[in-house]
Amino acid sequence: MPDTTLTGDPSHDAPGHEHGDDAAGYYTPGDPIADTKAPGGPIADRWQTRKFEARLVNPANRRKLDIIIVGTGLAGASAAATLGEAGYNVKSFCYQDSPRRAHSIAAQGGINAAKNYKEDGDSVHRLFYDTVKGGDYRSRESNVYRLAEVSTNIIDQCVAQGVPFAREYGGLLDNRSFGGVQVSRTFYARGQTGQQLLIGAYQAMERQVAAGTVTQYTRHEMLEVIVVDGKARGIIARDLVTGEIETHLADVVVLATGGYGNVFFLSTNAMGSNVTAAWRAHRKGAYMANPCYTQIHPTCIPVTGTHQSKLTLMSESLRNDGRIWVPKKKADCDKDPRDIPEEDRDYYLERIYPSFGNLVPRDIASRAAKNVCDEGRGVGPEVDGVRRGVYLDFSSAIERLGREGIEEKYDNLFDMYARITGENPYETPMRIYPAVHYVMGGLWVDYDLQSSIPGLFVTGEANFSDHGANRLGASALMQGLADGYFVLPHTIRDYLADGPFEKIDESHPAVVEAKQAVENRVAHFLSTNGTRSVDSYHRELGNIMWEYCGMERTEDGLKKAIDLIRTLKDDFWRNVKVLGTADSLNQSLEKAGRVADFFELGELMCIDALNRRESCGGHFRAESQTEDGEALRHDDQFAYVAAWEFAGDGEPPVLHKEDLVYTAIEMKQRSYK
């Protein structure tokens with residue numbers, strides 16, 4: 001059980017506050033850091049330079065090296081397949097009953113690649129520029145350029161695997177556009193792109209399972225990372241069926257464990273998505289970077305009441321043909337939308353942002369939807385006295401393309417909406433509202449995707465490196481597969497070239513200590529015998545996070561949130577009730593460990609948001625806005641990656657800053673008007 005003693009002076013008189021630091025007293029300033037692995041020179045040459053400079057591991061030595069990969073989504077499955085095929089011994093872990101149930105399967109709209117099949121002006125450099133701009137100039141340019149560069153390889157790889165991308169009449173791969181760009185670069189398989197890509201990566205991994213280079217551990221949850229002499233050497237995992245606490249050792253550990261959006265309780269994430277693997281690594285020394293950067297997706301089915309435990313995403317691809325509007329008059333909000341004449345409709349995105357219209361980036365679209373609902377012009381049923389919904393209307397598209405044309409593009413999405421809401425979107429406009437979706441923050445990594453713990457690599461959504469303060473749509477699948485297929489296999493070999501490493505066994509003091517910590521944590525949860533369920537704590541934490549660290553934030557609100565989280569966390573450790581036993585399938589126990597980590601993460605997210613007194617991406621600080629209410633960045637103060645170091649239970653975290661330097665593009669205020 002952690003020490004919940006509060007330290008630090010959060011008052012305005014705390015040292016450092018005279019420099020405008022709202023978070024003074026909540027953290028300790030640390031030494032600046034830099035990405036020492038990123039090569040210099042022209043940006044277009046950097047990845048080729050790093051690949052050549054990375055040392056090699058000969059095939060005979062690969063057979064002697066063990067790699068643990070935690071997570072079997074796109075990043076984890078593709079890495080396991082590629083490294084297994086290279087000849088390493090790979091152990092693959094997932095908490096689901098099959099790797100195919102990883103949350104990547106839920107992605108709908110598509111995957112970006114700079115192939116320029118539409119001949120509409122796309123290029124690697126334009127994809128790079130759009131991604132940095134979309135992230136509000138808070139991502140590393142070297143990493144983003146590499147992502148754009150390898151994106152073209154991903155499509156060829158997936159087509160060769162048999163992924164059924166949509167094709168034009170002549171048989172060529174089709175593309176559609178997504179928010180934040182003015183070209184069509186998104187490859188898709190109707191609204192099932194994530195599922196089809198995951199099946200491709202899963203098949204590639206299963207081929208290596210059959211070949212004997214990959215060993216699969218399903219229904220296993222990582223609960224601790226083993227660090228020996230400062231290096232990651234394995235994990236402690238719980239068999240979720242038998243309850244057995246197992247030790248697994250290796251020469252290197254890769255975390256591909258996805259994002260932590262479920263800290264908000266209501267999100268588009270699968271209910272099992274959590275932060276535990278990443279957070280256990282953070283507590284062992286891995287820096288957590290930009291944790292407050294959360295993606296709010298504009299196109300989700302609205303909340304209908306307190307009975308819900310998750311929200312459902314509707315693909316952003318729908319914004320290609322759907323037009324977003326609300327009534328101009330509050331009095332019309334409870335009317336059937338088909339009865340509201342055209343002149344009484346406010347197509348607010350088309351009005352405010354004429355250049356991009358309904359295809360503005362996700363953060364812009366989300367804030368605009370919140371604003372019109374806050375004005376009292378939201379639609380749909382009232383929840384807690386407020387209508388939180390806007391219309392996504394396909395009537396114009398159906399008139400233009402015919403119902404069959406819309407069915408060909410979006411039929412499974414329309415069917416899903418109809419099943420959930422009981423409404424027919426071919427006849428009545430969909431209702432949508434923003435919801436927590438992806439996280440841009442994650443464990444800090446260098447250009448090689450290695451964390452601040454040597455031997456611990458982090459891929460996909462679990463790291464912070466590619467999206468800045470806002471992810472453009474269809475870039476998550478791109479990053480996951482880029483990391484797993486084309487980046488990590490080249491960079492991890494530079495670390496493994498020092499192998500074979502000294503063998504350790506389960507009797508090593510660091511291994512014993514890690515296993516004992518997990519056993520003590522499990523024993524505590526089962527022995528507390530309090531009065532409140534884990535879910536009740538999680539829901540209350542989520543309400544705090546959404547209210548004070550969601551789309552709009554203030555200094556006072558964030559400080560209030562920190563106090564509320566600390567109080568709730570203390571009560572959780574004293575009063576949670578976990579049913580069942582340790583030696584069996586016990587979902588209440590699983591949730592308890594995950595929610596305990598969400599409390600610590602939530603507090604750090606609020607501290608990070610408090611420190612960053614600027615509006616950036618979807619992270620709107622009310623104290624930092626333009627005269628017309630748009631987000632206002634402060635590059636002179638906040639053009640850095642915030643890399644947080646865990647200092648111990650009850651101690652304020654340590655902030656290390658990595659300056660962001662742009663050599664290939666100019667940093668400027670975004671405009672989509």
Side-chain angles (χ1 to χ4, degrees), residues 1-8 26-28 30 33 68 70-71 221-238 245 247-248 253-255 257-260 262-263 274-292 439 441-445 450-458 462-464 509-525 541 565-566 569-570 572-573 590 592-608 642-656:
M1 177 177 174
D3 175 8
T4 55
T5 304
L6 305 186
T7 61
Y26 287 91
Y27 74 95
T28 301
I33 59 173
I68 284 174
V70 185
E221 182 169 24
M222 172 188 158
L223 296 179
E224 190 59 270
V225 61
I226 297 169
V227 179
V228 178
D229 297 328
K231 298 178 179 179
R233 293 301 304 271
I235 65 171
I236 305 296
R238 180 174 182 267
I245 307 298
T247 300
H248 296 272
V253 176
V254 178
L255 298 185
T257 50
Y260 48 78
N262 275 351
V263 68
N274 64 85
V275 76
T276 288
W279 195 256
R280 297 290 102 194
H282 173 61
R283 289 176 62 94
K284 282 292 182 73
Y287 296 165
M288 180 65 75
N290 299 338
C292 80
V439 293
L443 293 180
W444 182 91
V445 292
Q450 185 172 215
S451 73
S452 49
I453 299 176
L456 181 71
F457 290 76
V458 191
N463 76 36
F464 87 100
V511 179
V512 173
E513 180 185 1
K515 187 173 183 180
Q516 188 64 53
V518 171
E519 292 173 344
N520 291 345
R521 189 174 168 91
V522 168
H524 170 82
F525 287 134
L541 171 65
I565 292 170
R566 287 171 171 175
K569 178 177 70 173
D570 185 55
F572 169 84
W573 281 99
E590 294 170 33
R594 296 167 186 171
V595 172
D597 292 330
F598 278 143
F599 275 118
E600 296 181 10
L601 167 68
E603 181 177 331
L604 183 63
M605 289 172 70
C606 291
I607 293 173
D608 186 39
W644 296 91
E645 179 185 359
F646 180 74
D649 288 318
E651 297 298 321
V654 178
L655 173 59
H656 302 276

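Start at 1 with the first residue, then count along the sequence.
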So among Thr247, Leu223, Asn520, which one has a side chain to side chain contact (heavy atoms under 4.5 Å, CB included) with Lys515?
->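 In the set Thr247, Leu223, Asn520, the residue that makes a side chain to side chain contact (heavy atoms under 4.5 Å, CB included) with Lys515 is Thr247.
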Applying side-chain contact (heavy atoms from CB on, under 4.5 Å), run through Leu443 and Met288 and close with a yes or a no.
-> CA-CA 4 Å; Leu443 293 180; Met288 180 65 75; 3.9 Å; yes
Could you give me the CA-CA distance, side-chain angles and deciding distance for Ile236 and Ile226, then say whether side-chain contact (heavy atoms from CB on, under 4.5 Å) is met?
-> CA-CA 7 Å; Ile236 305 296; Ile226 297 169; 3.7 Å; yes
So which heavy atom on [X] is nearest to which on [Y], and how close?
X: Ala278; Y: Leu255; answer: CA-CD1, 4.2 Å
X: Leu456; Y: Ala281; answer: CD2-CB, 3.7 Å
X: Pro652; Y: Tyr26; answer: CB-O, 3.6 Å
X: Asn463; Y: Val458; answer: ND2-O, 3.0 Å
X: Asp608; Y: Cys292; answer: OD2-N, 3.0 Å
X: Leu604; Y: Pro653; answer: CD1-CG, 3.8 Å

State yes or no: are the ring centers of [X] and [Y] separated by less than 6.0 Å?
X: His656; Y: Tyr287; answer: yes
X: Phe598; Y: Tyr260; answer: no
X: Phe599; Y: Trp279; answer: no
X: Trp644; Y: Tyr27; answer: yes

Exceeds 12 heavy-atom contacts within 6.0 angstrom, atom CG of Asp229 =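 Count not over threshold, so no.
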If we ignore hydrogens and angles and just use 3.5 Å, is the side chain of [X] paired with the main-chain N or O of [Y] as donor and acceptor?
X: His524; Y: Glu519; answer: no
X: Thr28; Y: Val654; answer: no
X: Ser452; Y: Gly285; answer: yes

Can you list the steps and then say if Ile68 with His248 is a side-chain contact (heavy atoms from CB on, under 4.5 Å)?
-> CA-CA 8 Å; Ile68 284 174; His248 296 272; 3.9 Å; yes
Between [atom1] on residue [X] and [atom2] on residue [Y], distance to nearest 0.5 Å:
X: Gln516; Y: Ile245; atom1: CD; atom2: CD1; answer: 11.0 Å
X: Met222; Y: Thr257; atom1: CE; atom2: OG1; answer: 7.5 Å
X: Leu541; Y: Ile565; atom1: CG; atom2: CD1; answer: 5.5 Å
X: Asn274; Y: Asn262; atom1: CG; atom2: CG; answer: 8.0 Å
X: Trp444; Y: Ser451; atom1: CH2; atom2: OG; answer: 8.5 Å

Phe572 versus Val595: any side-chain heavy-atom pair under 4.5 Å?
->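 Phe572 vs Val595: side chains touch.
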Is Arg283 salt-bridged to Asp597, cutoff N-O under 4.0 Å?
->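 Salt bridge: no.
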Is the shortest side-chain N to carboxylate O distance from Lys284 to Glu224 below 4.0 Å?
->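 Yes, Lys284 and Glu224 are salt-bridged.
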